[in-house]
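If you read the sequence from its start, that first residue is 1, and numbering goes on from there. Quantities reported herein were computed from a predicted structural model and do not represent experimental measurements. Only this structure's heavy atoms are used, side chains among them; waters, hydrogens and symmetry mates stay out.
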Amino acid sequence: MYILFPMADRRTSAASGKERAALVGLRTGSARRVDADQSLDELAGLADAAGAAVVLRMLQERQKPDSATFIGSGKVASLAAACAEADVDVVIFDNELTPAQLGQLGDRLDRKVIDRTQLILDIFARRAKTREGKWQVELAQLKYLLPRLAGSGTALSRLGGGIGTRGPGETKLETDRRRIRVRIQAIQKEIDQVRQRRSQLRDRRHKQSVPTVALVGYTNAGKTTLFNRLTRETAEASDALFVTLDPLIRQVRLPDRRELLMSDTVGFIDRLPHALVAAFRATLEEVAEADLALHVIDVSSPERERQIAAVKRVLEEVGATTVPVIDVYNKVDTLSPDEQRRLRTADPAAALISARTGKGVDELLQMVASRVALDTRRITITFDSGKEFDRQQIARLYRVARVLSHVATNGRVVIEADVPRRFIERLTTPSVGENAVDAV
Ligand SMILES: Nc1nc2c(ncn2[C@@H]2O[C@H](COP(=O)(O)OP(=O)(O)OP(=O)(O)O)[C@@H](O)[C@H]2O)c(=O)[nH]1
Ligand SMILES: [Mg+2]
């Protein structure tokens, strides 16, 4: 079964120079029809993000994938005919194909064939802006490509240009196996250095005891919109997939004047290519090392539950399972009051917000403040206000702790405060050791 889109599309896409894409999905065994359809919808969103115009959709049903042609020989023949009729440039499969399948399908369809993984990698290649982001994407692309160069060289020679051949910055990807190996090593080295630098920065932040909160969530959930609202930033947010690639970290001031650092980073997706997760480890470590994660969930998506599950899987994969999480249901402006009530009853511990209108954002900040404050001890510290070092410590205390009382007499300052445990550890340095610290 396939759907051919109106021919008017052909003129539009030719005029805009877009590649004309056919999308192919496979529904196997007990998989639900609606899930397979939604998966193809998502693939269409990805194709759009890669700059293609979708002119054909096909959903094949069979017990299990065919080892040679994935969708079965007969189906390939009808797909080839449909592709010829619709003047398709590239056929995109909703699954990861084996090198053998890629070769077979390329031969039989006689046009460029790519899979879901290549499509996602291509979007990332288009979006990467920083040096670090570019390295990570290219590494993932080359690692995906290498084993596929082994068998049939034709599958790749057929790629020509466009989607699937672009490296970061739209340069053409290397396809010579020996050169790829050398390049992988060089990039790996650079990424290791980045990783070290990031880890040093994190250590420094850790020493300053500023809590960090990471925004995580499915792509397009509204992470950057929320980030901008909380930090008064103007990072790019838009209704396209994978707009954010590189992590951004900015300060947020809580209602009680304490500071924390908030990070925005790459969004997740169902079946996120493993090569990509591995390559983005340096970026994703920001999440694994955070004190708290806000899981931003798009309530307007019909696939909310599947997206939530996909995010949890990625968090596991990047080793972020011990980070405490607050579920943040975003885009509640799209829900009726009734639906909002149901959501609140179903998950009372979650936050309901609209990053776009600002609704619920203050309550969310209160929740963050109390969660971040959980790991504190109430202590009383005496400072010598004549000493520069002590005056600095007092200023820092105000930034990281919740100060309950501050009494200054005869050059002494006595402060009672709820202090993060990590900060208390810092109070054992020699000069601070002179200060009297009483835990309550
Ligand atoms: N209706 C509504 N739309 C929202 C809300 N928050 C964000 N959006 C829209 O959702 C789309 C995605 O927002 P982003 O902030 O870019 O999402 P993201 O999670 O950062 O996405 P990626 O970086 O691409 O993974 C944009 O079109 C936003 O305007 C909201 O509260 N309500
Ligand atoms: Mg974003």
Side-chain angles (χ1 to χ4, degrees), residues 198-199 201-203 205-206 209-231 233 235 237 242-254 258-270 272 276-277 280-299 301 304-332 343 347-353 355 360-361 363-376 420-422:
R198 279 199 179 281
S199 148
L201 282 176
R202 267 199 305 275
D203 279 352
R205 289 202 299 265
H206 215 77
S209 298
V210 185
T212 56
V213 176
L215 293 172
V216 297
Y218 212 75
T219 181
N220 210 41
K223 298 176 295 298
T224 304
T225 310
L226 177 60
F227 179 80
N228 286 345
R229 188 167 276 282
L230 294 174
T231 61
E233 267 289 323
F242 298 118
V243 175
T244 308
L245 277 203
D246 301 299
L248 256 185
I249 300 178
R250 291 287 182 275
Q251 204 182 72
V252 172
R253 206 174 269 283
L254 291 169
R258 275 179 305 161
E259 289 170 359
L260 55 79
L261 291 172
M262 176 96 36
S263 72
D264 179 22
T265 184
V266 57
F268 302 160
I269 197 166
D270 212 4
L272 194 60
L276 208 49
V277 176
F280 270 69
R281 201 153 286 277
T283 298
L284 293 170
E285 272 171 2
E286 294 294 349
V287 176
E289 302 267 324
D291 296 283
L292 177 68
L294 303 185
H295 178 180
V296 183
I297 298 159
D298 179 354
V299 295
S301 165
R304 193 164 84 201
E305 294 306 319
R306 185 179 60 75
Q307 296 181 346
I308 292 173
V311 169
K312 289 190 176 155
R313 273 196 300 276
V314 180
L315 286 178
E316 266 169 37
E317 200 173 343
V318 301
T321 40
T322 57
V323 181
V325 177
I326 297 179
D327 288 334
V328 179
Y329 290 104
N330 186 32
K331 310 195 188 179
V332 294
L343 199 56
D347 196 350
L352 267 60
I353 69 155
V361 171
E363 288 87 338
L364 171 63
L365 272 183
Q366 291 288 358
M367 285 170 85
V368 170
S370 59
R371 279 298 270 274
V372 171
L374 273 186
D375 197 25
T376 60
R421 279 174 203 278
R422 285 200 318 231

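The side-chain heavy atoms of L315 and V216, taken from C-beta on, include a pair separated by under 4.5 Å. Counting only heavy atoms from C-beta outward, the side chains of T244 and T265 never approach each other to under 4.5 Å. Contact check for L284 versus V277: side-chain heavy atoms found under the 4.5 Å cut-off. Residues L260 and T212 have side chains not in contact (no heavy-atom distance under 4.5 Å, counting atoms from C-beta outward). E259 places none of its side-chain heavy atoms less than 4.5 Å from the side chain of V252.
For T219, the side-chain hydrogen bond (donor to acceptor under 3.5 Å, both in side chains) test picks out no residue, with sequence neighbours left out. Every residue two or more places apart in sequence or in another chain that forms a salt bridge (charged side-chain N to carboxylate O under 4.0 Å, His left out) with R306 is listed here: E42, D270, E303. In terms of the ring pair (Phe, Tyr, Trp, His ring centres under 6.0 Å) criterion, F227 has no residue partners (sequence neighbours excluded). Remark: R250 pairs with E233 by the side-chain hydrogen bond (donor to acceptor under 3.5 Å, both in side chains) rule, at least two apart or across chains.
A distance-only check finds no donor-acceptor pair linking the side chain of K331 to the backbone of S301 [under 3.5 Å]. With hydrogens and angles ignored, the 3.5 Å screen pairs a side-chain donor or acceptor of S370 with a backbone N or O of M367.
Taking both residues in full, the closest heavy atoms of Q251 and T231 are given as O-CG2, 4.0 Å, listed atom of the first, atom of the second, then distance. Of all heavy-atom pairs spanning A288 and A320, the tightest one is CA-CB, 3.8 Å. Contact record, V311 with Y218: CG2-N, 3.4 Å, taken as the closest heavy-atom pair. Nearest heavy-atom pair, T225 versus A237, reported as atom, atom and distance to 0.1 Å: OG1-CB, 3.7 Å. Annotation for H295 and G217: closest pair CD2-CA, 4.1 Å, computed over non-hydrogen atoms. When every heavy atom of I249 is checked against every heavy atom of S263, the shortest pair comes out as CG1-CB, 3.8 Å.
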Show the atom names and distances, to 0.1 Å, of all donor-acceptor pairs under 3.5 Å that link a side chain in residues 323-330 to residues at least two apart or in another chain.
{"residue": "Y329", "atom": "OH", "partner": "D347", "partner atom": "OD2", "Å": "3.2"}
{"residue": "N330", "atom": "OD1", "partner": "A355", "partner atom": "N", "Å": "2.8"}
{"residue": "N330", "atom": "ND2", "partner": "A221", "partner atom": "O", "Å": "3.0"}

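Evaluation of the side-chain hydrogen bond (donor to acceptor under 3.5 Å, both in side chains) test over residues 317-326, restricted to residues two or more places apart or in two chains, returns H274-E317.
Separating the CE atom in M262 from the CG atom in L230 is a distance of 5.0 Å, to the nearest 0.5 Å. Note: F280 CZ to F268 CZ = 11.0 Å, rounded to the nearest 0.5 Å. Atom CG of L248 sits about 6.5 Å away from atom CG of D264, to the nearest 0.5 Å. To the nearest 0.5 Å, atoms CZ (R371) and CG (L364) are separated by 11.0 Å.
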Go through the steps to decide whether L215 and V287 satisfy the test side-chain contact (heavy atoms from CB on, under 4.5 Å), and finish with yes or no.
CA-CA 8 Å; L215 293 172; V287 176; over 6 Å; no

Take R229 and V361, measure what side-chain contact (heavy atoms from CB on, under 4.5 Å) needs, and give me the verdict at the end.
CA-CA 9 Å; R229 188 167 276 282; V361 171; 3.8 Å; yes

For V213 and L261, run side-chain contact (heavy atoms from CB on, under 4.5 Å): C-alpha distance rounded to whole Å, both residues' side-chain angles, the deciding distance at 0.1 Å, then the answer.
CA-CA 6 Å; V213 176; L261 291 172; over 6 Å; no

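Under 4.0 Å is where a charged nitrogen must lie from a carboxylate oxygen, and between E285 and R198 no such pair does.
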